[in-house]
Amino acid sequence: MSLGSGIVLFIIGAILAFALNVQVEWIDLHLIGYILMIAGVVGIILGIVLITRRRSSVSTTRSAVDPASGESVTRRTSESDPLV
């Protein structure tokens with residue numbers, strides 16, 4: 001969601017900053033465009049960070065020796081990020 005929103009904000013900001021040639025007395029559309037572009041870049045970066053965090057996982061391997069039989073026991077546990 002944040003990745004798509006960041007792209008949309010960046011595109012709207014670029015249109016306001018570079019494509020429109022309208023002068024409004026009470027607001028500077030070029031400045032608003034630059035602000036939206038910056039907000040879009042921040043949204044894109046946050047979206048990428050959140051996507052990479054979701055793909056991370058934790059893998060744990062434990063080895064022990066059974067005292068009764070002397071047999072080596074290995075236990076492997078894999079879990080995904082709790083934010084998913």
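Here the structure is a predicted model, which is why all the values come from computation and not from measurement.
- V42 belongs to a hydrophobic cluster whose other members, connected by ILVMFWY side-chain contacts under 4.5 Å either directly or through intermediates, are L46.
- Shown here are the side chain to side chain contact (heavy atoms under 4.5 Å, CB included) partners of V41, two or more places apart in sequence or in another chain: F10, I45.
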Can you check side chain to side chain contact (heavy atoms under 4.5 Å, CB included) on V22 and V24, steps first, answer last?
CA-CA 6 Å; V22 177; V24 181; 4.1 Å; yes
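- Put simply, CD1 on I51 and CG on L3 are 5.0 Å apart, with the number rounded to the nearest 0.5 Å.
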Exercise answer: donor-acceptor pairs, residues 28-40 side-chain atoms, under 3.5 Å, sequence neighbours excluded:
| from | atom 1 | to | atom 2 | distance (Å) |
| --- | --- | --- | --- | --- |
| D28 | OD1 | H30 | N | 3.4 |
| H30 | ND1 | A17 | O | 2.8 |

